[in-house]
Amino acid sequence: VAISAVAGILKQQKRPRKKIAVRPSDISGVEDPGPVCAGDREGNLWLQYDSGRLPATQEQWDSSLYVEKTHWGYYCWPRYPLAVQQKRLLSVSFISQGEKIILEYFSDAEFVDQLLGFLSLEERKGKDSFSPRRFCMFKGLFRNYGDVFLPLLWPRLEVLADNPHESAQRCVCEVTAGLIRGSKHWSFSKTERLWQLLCPLIRRALANLTVENFTDWGTCIATACEGRDPRKLHWLFELLMESPLSGEGGSFRDASLLYVIQGGVSQQQWRVSELLHRFLSNLEPRLTHVYKNVRERIGSVLTYIFMMDVALPGTRPTSSPRVAHFVERLLGRLQPLMAAPEIQNQEEPGRGPETDQHTQAVKLLKTVLKWLMASAGRTFTTPVQQQLQLLPLLFKIAPVESDESFDEMKQDARTCLSLMSQGLLYPQQVVLVLDTLEEMAGDRSWHARFLVLTYLQVMVFYNLFTLLAAPAQVLRVHTLLMRLLLDEQLEVRDMAGTTLSGLLQCQFFPLDQGLQSRLQTLKAEKPRKRIPLIKVHFGYFDLVLHIILFALKKI
């Protein structure tokens, strides 16, 4: 409570800043078009992180206009001024009584020792986490008083940074995040000196991540980067990009470091496309990493790398990495699995040589599956066309029913199919999906034909009104179902009957005289080869019984 009270007082004492009105077109030299147009435009390119134009000198720092709010400029510009300037530096001769009390306390070495000792204590073993209240207090201190407290605080902070205990590391995270956010309006000289101190400390911390503290450091970096112009944090971003997957420290360190980098980069969204491209180029050769935990983390990171690849009406093509280009490269590396009649899961560390193409393709597929699952609920739009290119491979490995003998790759493929079938489709995408399903309905494997029906069920129910508005596509679904009702495999016919019953129940198809006549003549159809006649007839009898029971239920 006391910490929250001090943070609140510091926020009330926040000094007003003089606003400078600047038109974005004066900087870019380009007037934005009249209608709102989201995405990368010539008028907002100056906000992008560009390693060739970073403010690395006093002159460059002072001549640059910084926009801290991430959403400014993506759709349109605000009506009020973009830039703010510090009204005046803190002067001991011009502070209020309340500011003087805080200055005296935090300038007392004994008080600071006691405070940091208290903040580095463990409160609830195994349940403590990064505290936003403590972060807000340190942010207010460094925002209101500049670097006044840094000479006294820094030696004590380094002692805590060398302490591997999780509570000490958590305290360092809270102070570090407060320092970075609180230095928002510092001068170039003060900011540069701060990063000369912070970079070695952060580098040391990232080299010694543990199970207990890696989430705190991830939260620290994400909190520090939130609501900040990435160009003013270029020291941090360049540090994070030094060696995302160096292999030093084992798989845990690699996976933890990816988690930390993900937290920082994801906060900047559309303004760091260059960093996203660099990040992707570093990860892409390592998609077949030998360790499962690293592959899972790479899958999660890929979701944020492609987050800004948005294709919606009124948007411009993004300069961030594109899913289409990435999937195109993936398909070439997955070709050994596409051509293989059967996919065998190779367990870590691998039953075959690491150079075996099949083994490497299986590892790549596992990473891709983790990416598809992670992106299902996080991305702004669904890359339907790219997902359809991977659909035949998923149909090939997903089990028809839950596999009792646990095979994670198969279960992940089944989960991916379920998530992909629930995606919202636009009318033009419905055509692409049905094209793929019709093609897969002719596959030699009855498992693939069976999964086509399970996919079709969910896809239709989640996009019912979109499909009903397109009679031509309803007819295609009807034709596909009638085709699979005559399948040579009993399991496929049973699933086709179940699918048809569900679609009749939601009135996707009308139960008219024509459909009833068609179902009554099914038993007269000549069975395919290799299937006993009695099995075919019993399969159709079950289907007709489904329809009759449904009709009686509606009367």
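Positions are given from 1 along the sequence.
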Validation row: [X], [Y] side chains within 4.5 angstrom (heavy atoms):
X	Y	value
Leu500	Phe509	yes
Leu394	Leu369	yes
Leu425	Thr466	no
Ser300	Arg378	yes
Lys396	Leu337	no
Leu372	Leu419	no
Cys220	Phe130	yes
Val362	Met409	yes

Heavy-atom pair of closest approach, residues [X] and [Y]:
X	Y	value
Ser256	Leu209	CB-CD1, 3.7 Å
Arg322	Pro317	NH1-CB, 4.2 Å
Asn44	Gly39	ND2-O, 3.0 Å
Ile397	Lys410	O-CG, 3.4 Å
Ser281	Pro285	O-CD, 3.2 Å
Leu434	Gln473	CD1-OE1, 3.4 Å

Within a radius of less than 6.0 Å around [atom1] of [X], do more than 12 heavy atoms belonging to other residues, nucleotides or ligands occur?
X	atom1	result
Gln385	CD	no
Arg133	CZ	no
Glu328	CD	no

Query raised in the report: Where do Asp128 and Glu122 land on the side chain to side chain contact (heavy atoms under 4.5 Å, CB included) test, with the steps shown first?
Result: CA-CA 7 Å; Asp128 291 339; Glu122 185 177 55; 3.7 Å; yes

Query - Carboxylate-amine/guanidinium proximity below 4.0 Å for Glu408 and Lys370 - result: yes

Query raised in the report: In terms of side-chain geometry, is the basic nitrogen of Arg316 or Asp40 positioned less than 4.0 Å from the acidic oxygen of its partner?
Result: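 Salt bridge: no.
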
Does [Y] offer a backbone N or O that forms a donor-acceptor pair with the side chain of [X] under 3.5 Å?
X	Y	answer
Gln268	Arg228	yes
Arg295	His289	yes
Asp309	Phe306	no
Arg170	Glu212	no
Asn463	Gly423	yes
Gln422	Ser418	yes
Thr367	Leu287	yes

Query raised in the report: Where does the angle between the aromatic ring planes of Tyr49 and Phe237 fall among parallel (under 30°), tilted (30 to 60°) and perpendicular (over 60°)?
Result: perpendicular

When rounded to the nearest 0.5 angstrom, what is the spacing between [atom1] in [X] and [atom2] in [Y]?
X	Y	atom1	atom2	result
Gln360	Thr288	CD	OG1	4.5 Å
Ile298	Leu302	CD1	CG	7.0 Å
Leu485	Leu480	CG	CG	9.5 Å
Asp412	Lys366	CG	NZ	9.5 Å
Leu240	Glu242	CG	CD	8.5 Å
Phe395	Thr436	CZ	OG1	8.5 Å

I'd like a table of donor-acceptor pairs (distance under 3.5 Å, sequence neighbours excluded) in which one partner is a side-chain atom from residues 448-457, with atom names and distances.
unit_1 : atom_1 : unit_2 : atom_2 : d
Arg449 : NE     : Asp487 : OD1    : 2.7
Arg449 : NE     : Asp487 : OD2    : 3.4
Arg449 : NH1    : Asp443 : O      : 2.8
Arg449 : NH1    : Arg444 : O      : 3.3
Arg449 : NH2    : Asp487 : OD2    : 3.0
Thr454 : OG1    : Leu451 : O      : 2.8
Gln457 : NE2    : Thr499 : OG1    : 2.7

With sequence neighbours excluded, tell me which residues meet salt bridge (charged side-chain N to carboxylate O under 4.0 Å, His left out) with [X].
X	answer
Glu274	Arg278
Asp229	Arg231
Arg134	Glu123, Glu174
Glu438	Arg476

Report task. Can you run down the ring-ring contact (aromatic ring centres under 6.0 Å, His included) pairs that involve residues 254-283, sequence neighbours left out, and say none if there aren't any? Result -> Tyr74-Trp270, Phe214-Tyr259

Report task. Could you walk me through whether Phe326 and Ile305 pass side chain to side chain contact (heavy atoms under 4.5 Å, CB included), step by step? Result -> CA-CA 11 Å; Phe326 179 65; Ile305 288 178; over 6 Å; no

Report task. Using only heavy-atom distances, determine whether the side chains of Ser273 and Gln48 contain a donor-acceptor pair under 3.5 Å. Result -> yes

Report task. Kindly indicate, with the supporting measurements, whether the criterion side chain to side chain contact (heavy atoms under 4.5 Å, CB included) is fulfilled by Leu233 and Cys225. Result -> CA-CA 8 Å; Leu233 298 178; Cys225 296; 4.3 Å; yes

Report task. Show the numbers, then the answer: is there a side chain to side chain contact (heavy atoms under 4.5 Å, CB included) between Ile221 and Leu236? Result -> CA-CA 9 Å; Ile221 298 301; Leu236 175 60; 4.1 Å; yes

